[in-house]
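Only one structure is covered here, and it is reproduced in the block below.
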Amino acid sequence: MGKEITSREQDYSQWYNDLIIKGGLADYSAVRGCMVIKPYGYTLWENMRDVLDKMFKETGHVNAYFPLFVPKSLFEAEEKNAEGFAKECAIVTHYRLKTDPDNPGKLKVDPEAKLDEELIVRPTSEAIIWNTYKGWIQSYRDLPLLINQWANVVRWEMRTRLFLRTAEFLWQEGHTAHATKEEAIQETTKMLDVYADFVENWMALPVVKGVKTPNERFAGAEDTYCIEALMQDGKALQAGTSHFLGQNFAKAFDVKFSDKENKLDYVWATSWGVSTRLIGALVMAHSDDDGLILPPKIAPLQVVIVPIYKGDDQKAQIDAKVAEIVAALKAAGVSVKYDDSENARPGWKFAEYEMKGVPVRIAIGARDLENNVVEVARRDTKEKKSYSFDGLPQQIIALLADIQQNIYNKAKAHRDTHITSVDTWDEFVKTLDEKTGFVSAHWDGTPETEEKIKDMTKATIRCIPLNNAQEAGKCILTGNPSTQRVLFARAY
RNA sequence: CGGGAAGUAGCGCAGGCCGGUAGCGCAUCUGGUUUGGGACCAGGGGGUCGCAGGUUCGAAUCCUGUCUUCCCGACCA
């Protein structure tokens with residue numbers, strides 16, 4: 001029959017893989033750790049990208065593009081950052097191949113063509129960008145510099161997973177320079193808000209905004225802010241990060257400016273990014289055992305129409321009606337596809353589009369034509385209803401909005417019921433093992449304790465929530481005094 | 001990078017121990033009947049068995065190497 005999807009209960013990881021592959025989002029490739037993003041998945045990414053890009057521009061940013069390669073000497077300039085990424089860098093050492101005399105028809109690396117200085121394939125672009133900014137910034141009048149780039153980056157991961165962790169991935173990285181510390185911090189939190197807004201309102205995925213502990217902080221940053229989402233299996237996933245970089249990169253790349261008093265100072269920096277990993281989050285947060293469930297606002301296709309007919313006469317009548325519906329929906333800004341292909345029967349198409357997560361399916365047959373209705377099925381609840389032709393576009397738009405809201409509510413209910421406050425170590429471990437999700441607990445604030453907890457339970461501190469309530473307590477592990485609870489979880 | 005599993009037609013698999021020139025289901029093509037939840041009948045096409053070496057008269061099968069993927073661990077967004 002059709003393509004079977006492994007159930008979540010049976011094998012959550014395989015379920016996730018099945019959704020990606022069978023839902024047509026991506027494919028494995030011939031390159032280790034790298035995937036092919038298929039048209040359906042890429043359209044999803046384009047939709048996400050378009051919304052984010054607009055948000056970035058509305059907040060004053062412009063796009064630019066910097067090189068894929070970073071000379072090693074630049075890469076290592078900011079030491080902490082370089083060290084943080086050193087273990088997962090791809091390196092270009094040669095620039096030419098030649099025919100192999102020992103192996104006719106084959107090529108080999110030309111040893112004569114060794115680069116004097118190796119090029120690092122960017123795992124992130126701070127180095128090349130700050131090296132460039134040095135030439136662009138002299139005065140406070142050049143600030144703030146608010147630049148974003150859409151790019152691919154490479155991180156040579158040991159273990160890869162479709163969308164969640166691939167050796168090459170697509171993302172955007174914002175890199176800004178400011179005259180004051182306050183302004184840079186403001187930028188950092190502003191972009192965090194943009195991410196939270198996007199993920200919650202477009203991807204229908206509730207997030208916790210917070211700050212990372214030093215252990216989890218981006219290498220080279222003073223502070224890393226993040227949004228954390230919760231997946232259906234109770235594991236957390238970092239959905240976006242925004243870093244306050246202080247003057248670390250300005251100092252490493254000697255980027256100074258004259259202020260209004262004609263005093264020289266290093267500029268203050270931020271960087272922030274979200275990646276195709278968000279697609280992994282989207283898939284894991286909303287989907288079910290029948291396939292993907294995609295939020296209408298970013299779904300590659302919002303409505304699919306399937307005809308049900310006997311004979312050419314009926315088909316012709318349905319075609320005519322559907323043409324009207326398609327035109328009306330398109331005019332209303334709804335993306336719609338009429339699938340009248342002959343090679344699949346209606347039931348097969350129903351299952352197929354459910355697997356692909358198309359939010360709304362319209363079925364129309366002779367019986368519907370007589371009654372002046374269509375059958376509308378929503379993917380999120382599987383509920384089916386007859387809708388009148390009259391005012392159909394408005395009803396569909398309302399339905400899409402309702403689906404968007406329902407998906408969000410469902411994810412939020414799951415998230416909210418999976419933030420558990422605990423005060424003893426037994427409860428802590430038990431909650432992680434049995435209930436899963438975020439565990440809110442006191443922590444003495446030391447990296448050593450955080451590390452110990454990680455070794456013992458595999459749980460990390462996902463974040464210290466912003467505007468966290470201050471509350472005296474005792475560390476869950478050491479019993480030492482603590483001033484606030486932090487969120488622990490096992491994470492992707 | 002360690003431990004386990006896998007790679008044979010587009011997809012899912014059998015065959016492999018015991019070497020003899022490849023098979024099943026789905027998909028696909030043709031014809032017909034069908035169409036309100038993954039249709040049915042009949043006929044047809046499609047595979048250098050991941051890749052590279054080796055053993056052998058002969059390799060999907062045995063040996064060596066290598067690549068890719070999955071699961072579990074260490075590392076990470």
Side-chain angles (χ1 to χ4, degrees), chain A residues 1-6 11-14 16-18 20-22 27-35 84-89 103 106 123-124 153-173 195 212 215-219 224 226-229 236-243 271-281 290-291 306-312 314-315 318 340-355 361-371 373-375 377 382 384 386 454-455 458 460 462 491-492:
Chain A
M1 304 294 134
K3 316 175 197 173
E4 294 292 321
I5 291 172
T6 307
D11 185 342
Y12 191 85
S13 295
Q14 193 55 47
Y16 174 78
N17 289 331
D18 285 354
I20 306 280
I21 300 297
K22 294 171 181 176
D27 243 340
Y28 295 109
S29 76
V31 189
R32 183 225 300 270
C34 296
M35 65 175 176
F85 285 108
K87 286 173 294 179
E88 47 189 5
C89 287
N103 265 313
K106 306 286 184 185
T124 180
V153 287
V154 169
R155 296 179 187 177
W156 214 262
E157 299 289 349
M158 291 300 178
R159 189 176 160 198
T160 57
R161 296 197 66 187
L162 296 165
F163 286 112
L164 293 177
R165 194 178 299 106
T166 46
E168 180 193 14
F169 58 91
L170 305 182
W171 77 344
Q172 58 71 215
E173 46 182 325
Y195 287 154
K212 289 290 188 189
N215 273 1
E216 300 280 324
R217 189 182 286 157
F218 176 69
T224 289
C226 63
I227 49 173
E228 293 284 329
L237 188 146
Q238 179 175 300
T241 50
S242 184
H243 313 291
S271 70
W272 27 273
V274 295
S275 71
T276 39
R277 186 180 219 213
L278 280 177
I279 293 178
D290 294 319
V306 175
I308 299 161
Y309 56 91
K310 297 175 189 174
D312 291 344
Q314 283 189 5
K315 175 69 168 37
I318 291 168
D340 66 341
S341 56
E342 298 276 349
N343 57 351
R345 297 167 77 257
W348 192 91
K349 291 178 186 172
F350 292 175
E352 181 70 10
Y353 290 108
E354 274 162 15
M355 185 152 59
R361 180 187 74 234
I362 297 178
I364 176 165
R367 221 159 61 201
D368 301 307
L369 284 180
E370 278 173 31
N371 299 325
V373 297
V374 291
E375 181 194 77
K382 296 281 194 67
K384 286 191 270 196
S386 283
K454 185 182 174 185
D455 289 344
K458 288 174 195 158
T460 49
R462 301 319 300 158
Y492 280 98

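Throughout, a chain's letter reflects where its sequence line sits, starting with A, and its residues are numbered from 1. This one's a predicted model, so the numbers in the text were calculated from it and none came from an experiment.
Among the protein residues, A:Lys382 comes within range of no part of the nucleic acid, since none of its heavy atoms lies under 4.0 Å from any strand. When heavy atoms are screened at a 4.0 angstrom cut-off, A:Ala344 is found touching no nucleic acid atom at all. At a threshold of 4.0 angstrom between heavy atoms, the contacts of A:Glu375 include nucleobase atoms, whether or not backbone atoms are also involved. Residue contacts for A:Gly33: at a heavy-atom cut-off of 4.0 Å it reaches the sugar-phosphate backbone alone, with no base atom in range. Residue contacts for A:Leu237: at a heavy-atom cut-off of 4.0 Å it reaches no nucleic acid atom on any strand shown. A:Thr460 comes within 4.0 angstrom of no nucleic acid atom, judged by non-hydrogen atoms across all strands. Among the protein residues, A:Val31 comes within range of the sugar-phosphate backbone only, with heavy atoms under 4.0 Å from sugar or phosphate atoms but none that close to a base. As judged by a 4.0 angstrom heavy-atom cut-off over every strand, A:Glu157 is placed among the base-contacting residues. A:Ala30 comes within 4.0 angstrom of the backbone, heavy atoms only, and of no base. Across all strands, A:Gln314 comes closer than 4.0 Å to no nucleic acid atom at all (heavy-atom distances).
Judged by Watson-Crick or G-U wobble contacts below 3.5 Å, the nucleotide B:rA14 has no partner. Of all nucleotides present, only B:rG4 satisfies the Watson-Crick or G-U wobble test against B:rC70, with each distance under 3.5 Å. Shown here, B:rU48 forms no base pair; nothing in the strands shown gives a Watson-Crick or G-U wobble contact with both key distances under 3.5 Å. Remark: B:rU61 base-pairs with no nucleotide; criterion is Watson-Crick or G-U wobble with both hydrogen-bond distances under 3.5 Å. Using the Watson-Crick or G-U wobble rule with both distances under 3.5 Å, B:rG43 pairs with B:rC29. Judged by Watson-Crick or G-U wobble contacts below 3.5 Å, the nucleotide B:rA9 has no partner.
Taking atom P in both B:rC49 and B:rG7, one finds a spacing of 14 Å when rounded to whole Å. Rounded to a whole angstrom, the distance from the C1' atom of B:rG47 to that of B:rA22 is 9 Å. Separation of the P atoms belonging to B:rU8 and B:rC72 is 22 Å when rounded to the nearest angstrom. B:rU66 and B:rG20 are spaced 28 Å apart, taking the C1' atom of each and rounding to whole Å. Taking atom C1' on both B:rU28 and B:rG19, the two are 33 Å apart, rounded to the nearest angstrom. B:rC71 sits 26 Å from B:rC26 when the C1' atoms are compared, rounded to a whole Å. Comparing the same atom, C1', in B:rU34 and in B:rC18 gives a spacing of 49 Å after rounding to whole Å. B:rG46 and B:rC41 are spaced 23 Å apart, taking the P atom of each and rounding to whole Å.
Ranked by how close their nearest RNA chain B nucleotide is to the 5' end, A:Pro346 and A:Ala491 are led by A:Pro346. For the pair A:Ala167 and A:Ala363, both in contact range of RNA chain B, the more 5′-proximal nearest nucleotide belongs to A:Ala363.
One finds a side-chain N or O of A:Asn17 lying less than 4.0 angstrom from the OP1 or OP2 phosphate oxygen of B:rC71. Put simply, A:Arg165 has no side-chain N or O that comes within less than 4.0 Å of OP1 or OP2 on B:rA77. Checking the phosphate oxygens (OP1, OP2) of B:rC72, a side-chain nitrogen or oxygen of A:Ser13 falls inside 4.0 Å. Contact between the side-chain N/O atoms of A:Arg345 and the OP1/OP2 oxygens of B:rG36 is found at a separation under 4.0 Å. One finds a side-chain N or O of A:Tyr28 lying less than 4.0 angstrom from the OP1 or OP2 phosphate oxygen of B:rC70.
As a whole-Å value, the separation of A:Asn343 CG from B:rU34 C1' is 15 Å. Rounded to whole Å, the distance from CZ on A:Arg159 to C1' on B:rG2 is 12 Å. In this structure, A:Arg32 atom CZ and B:rC70 atom P are separated by 11 Å, rounded to whole Å. Rounded to an integer number of Å, the gap from A:Glu342 CD to B:rG32 C1' is 14 Å. What separates NZ of A:Lys212 from P of B:rA77 is a distance of 8 Å, to the nearest Å. Rounded to an integer number of Å, the gap from A:Asn215 CG to B:rC76 P is 10 Å. Atoms CG (A:Asp312) and P (B:rU35) sit 13 Å apart, rounded to a whole Å. A:Met158 places its CE atom 18 Å from the C1' atom of B:rU69, with the value rounded to the nearest Å.
Side-chain atoms of A:Arg155 lie closest to B:rA77 of the nucleotides B:rG73, B:rU35, B:rA77. Listed nucleotides: B:rA77, B:rC76, B:rG37. Nearest to the side chain of A:Phe169: B:rA77. Of the candidate nucleotides B:rC71, B:rC70, B:rG38, B:rG38 has the atom nearest to the side chain of A:Trp348. When each of B:rG38, B:rU35, B:rC76 is scored by its nearest atom to the side-chain atoms of A:Lys310, the top-ranked nucleotide is B:rU35.
A:Cys34 approaches A:Ser29 most closely through the heavy-atom pair O-OG, 2.5 Å.
Between A:Glu228 and A:Lys212, at least one side-chain nitrogen of the basic residue sits less than 4.0 Å from a carboxylate oxygen of the acidic one, meeting the salt-bridge criterion. Remark: A:Arg462 engages A:Glu216 in a salt bridge, criterion side-chain N to carboxylate O under 4.0 Å.
Counted by atom type alone, A:Thr6 and A:Asp18 present one or more donor-acceptor pairs between their side chains at under 3.5 Å.
At a cut-off of 3.5 angstrom, counting only N and O atoms as typed in the model, there is no donor on one side facing an acceptor on the other between the side-chain of A:Glu352 and the base of B:rG37.
For the pair A:Arg361 and A:Phe350, the cation sits on the ring face: its NZ or CZ lies under 6.0 Å from the ring centre, inside 45° of the axis. Geometrically, A:Arg155 engages A:Trp171 in a cation-pi contact defined by less than 6.0 Å to the ring centre and at most 45° from the axis.
Relative orientation of the A:Phe218 and A:His243 rings is parallel, given thresholds of 30° and 60° on the angle between their planes.
For A:Asp312, the CG atom is loosely surrounded, since the number of other residues' heavy atoms within 6.0 Å does not exceed 12.
Listed for the A:Tyr195 side chain is a donor-acceptor partner under 3.5 Å among the backbone atoms of A:Gly273.
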